[in-house]
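So you know, we letter chains A, B, ... as the sequences are listed, proteins then strands, and number each from 1.
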There are 2 protein chains.
Amino acid sequence: MRATIKDVARISGVSTATVSRVLNQLGGYGPEVATKVLAVAKAIGYRRNDSAVSLVKQATRTIGIVMPTVTTSFYAQIINGIEDSAYQAGYSVILTHAGSSNIRLLESLNFMVERRVEGIIGVSINLNQTDLTQIKALAVPLLLLSAQAPDDQLPYVKVDDYQAAYAATRFLIKQGHQRIALAGVDPSDLVAGQPRIAGYEAALTAAQLRPDRNLIFTGDYTFAAGQQAMQAIIARPEVAPTAVFAVSDETALGVISICYQAGIEIPRELSVLGYDNSAIAAMATPALSTVAQPFYQMGQIAAQKMITSLQTKTVITSELVPFKLIQRGTVAVPRSN
Amino acid sequence: MRATIKDVARISGVSTATVSRVLNQLGGYGPEVATKVLAVAKAIGYRRNDSAVSLVKQATRTIGIVMPTVTTSFYAQIINGIEDSAYQAGYSVILTHAGSSNIRLLESLNFMVERRVEGIIGVSINLNQTDLTQIKALAVPLLLLSAQAPDDQLPYVKVDDYQAAYAATRFLIKQGHQRIALAGVDPSDLVAGQPRIAGYEAALTAAQLRPDRNLIFTGDYTFAAGQQAMQAIIARPEVAPTAVFAVSDETALGVISICYQAGIEIPRELSVLGYDNSAIAAMATPALSTVAQPFYQMGQIAAQKMITSLQTKTVITSELVPFKLIQRGTVAVPRSN
DNA sequence: TTGAAAGCGATACCAT
DNA sequence: ATGGTATCGCTTTCAA
């Protein structure tokens, strides 16, 4: 059994109250007592029991992270950001997966409530109205990261997908592209799907280019989705885009992998633009031009917002974080231009 | 304030003891009482307070993960594996970073001891004797994942780096390669460095090929290390390997990126073999041939071992997990052959 | 400056 | 089948 405050008290010849005061530097004790207590605590390897502290203080200084099981490469960056901020504020981070398509979501959230986390950051989780109702009943602050709830019923930290898609498409147009495909997008996805489609089409329209639904290749943001999109593009020469805007870096790599097999040279014959700027983007060959989401910072911001809100008892405000266009090696002017 | 067991007891008109029995399905109560209690608990949104449970049970059902801050792409897979296994066993997972080069290591471990985690899984952390001594003093089970302590003072789960490097090199030799470079390796790294060098050299020797120190390009397993290695190779035409065995997938991609810039075609002019089979390997162009480490399973195994040991109070045994050679598109027979 | 003691929310033993 | 209550380790009033 581990040493407790009582052991320290007994050995030091003082009361537990005094030991507690010394250990927490609350003042109101003589210097020699302090020295003694500290020495004893160290000698017997005393460590505070946070369960007991949490119980009496009614605060666990813990925040929870819930995320889908699927492990796209950028989650590590987000977690890093959250954990670093939390750590600095003296908070612990507990982690659970919501399973694929949220099957474990409510179970996970419940788990965390029992663990008495003070707040939860939900990464990339899509919520429907039922979820939302149940979450309200949990009575724990939930902040969304890279996600958004219907009618903004929950605060979020994310980039503006519409603006990012608009800027990305506009960038491609400025390079001289006129036939630009959009690949891997899920049109039923209210958060990252529809806004990106809308931004893409708006940029096209603003440049007097007529959006063409045949240039939109739907998918689920994966590598495989990119491969399928590119295969479809090759299969239909009448479509012949000069650039493809992929909705994720992984999708972009899927596109590129098919081009490689088909002998299509990038960026000479086809430009490819990714989305995320995950670690793989910089390591791809050729290095992937992409829309950067500042994942690490997003994690930091989310944790900070949560903790500040907890400490000041204020409501968490949503925040749109800036994206950035990173030009590397996969976008060039179109050949025909 | 959240509802407690007392509230449930009061409203149901029974004692807290009975409520506890019902909630934990311990038997020893009438069916109508059970129904009543459950209904009340649900109605007032009662959730168990795990801090209180942990305190009285002297068990937190929590395991901690400590890992370096640097976020190579496979950490997500490891965490997924750990979390899934832990979740199934009813355990929570708390996560902290040890900072770069372990600066935050002991602080993190201490944090976890105060949180009363029942065991800690240390991912990719290199320990020296001082660390080890302090860890012993913490008196908490520590299992290493993808790491190994001096003199095997701590149990571990990892692949056999020597054997993997041996097999990989042998594979390259069988393909007809005779001049094989080793890139990105840290020769001062006892865990992943020296064994791989040794395995590589042993395979060479076994095939009557004389190991050549000029073919070993040291580094720190990163993308940049791969780039530097390849630049060095190009700068010294007298070395001219026909294959390079990179110590990580990222390093392999670094090698490939320089080849691309230099117009060296892979695998026609140079074969490249990676190590890890992280998510990026399959998505690279051309797809990377590599030595696979089963990260997700390693996470699962580690968590299972830890939890089993906790529950059966037995000592954790080390385990060498199998690696696998994954042949994709970056290794071919040498041109000159 | 210091200590006694009440509680935090649950469990589990001992009665009844 | 049910209730009373000591207990887990700590913080925090209230007194002294």
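- Overall bending of the helix from C:dT1-D:dA16 to C:dT16-D:dA1, expressed as the angle between end axes built from five pairs apiece, is 40° (10° steps).
- Using a 4.5 Å heavy-atom cutoff, the side chains of A:R47 and B:R116 are in contact.
- Taking 4.0 Å as the cut-off between side-chain N and carboxylate O, A:E114 and B:R61 do not count as a salt-bridged pair.
- Taking the six-membered ring for Trp and thresholds of 30 and 60 degrees, A:F74 and A:F295 have nearly parallel ring planes, at less than 30 degrees apart.
- No side-chain donor-acceptor contact under 3.5 Å links B:D84 to the backbone of B:G81.
- At a threshold of 4.5 Å between non-hydrogen side-chain atoms, the residues B:I65 and A:L95 do not count as touching.
- At a threshold of 4.5 Å between non-hydrogen side-chain atoms, the residues A:L23 and A:V19 count as touching.
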* Structure fact -> A correct 5'-to-3' footprint of nucleotides 7-16 of chain C, with B, S and - meaning base, sugar-phosphate only and no protein heavy atom under 4.0 Å, is BBBSSBB---

* Between A:Y87 and B:F111, does a ring-ring contact (aromatic ring centres under 6.0 Å, His included) hold up when you go through it step by step? -> CA-CA 10 Å; A:Y87 184 85; B:F111 210 62; 5.6 Å; yes

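- The one candidate from A:L143, A:I316, A:L144 that meets the side chain to side chain contact (heavy atoms under 4.5 Å, CB included) condition with A:L154 is A:L144.
- Within the nucleic acid shown, B:G30 comes within 4.0 Å of sugar-phosphate atoms alone, with no base atom in reach, counting heavy atoms only.
- The existence of a salt bridge linking A:D50 and A:K57 is excluded, since no basic side-chain nitrogen approaches an acidic carboxylate oxygen closer than 4.0 Å.
- Protein chain A contacts DNA chain D over a range whose 5' and 3' limits, counting nucleotides with an atom under 4.0 angstrom from a non-hydrogen atom, are D:dC8 to D:dT13.
- Other residues, nucleotides and ligands place more than 12 heavy atoms under 6.0 Å from the CD atom of B:Q311.
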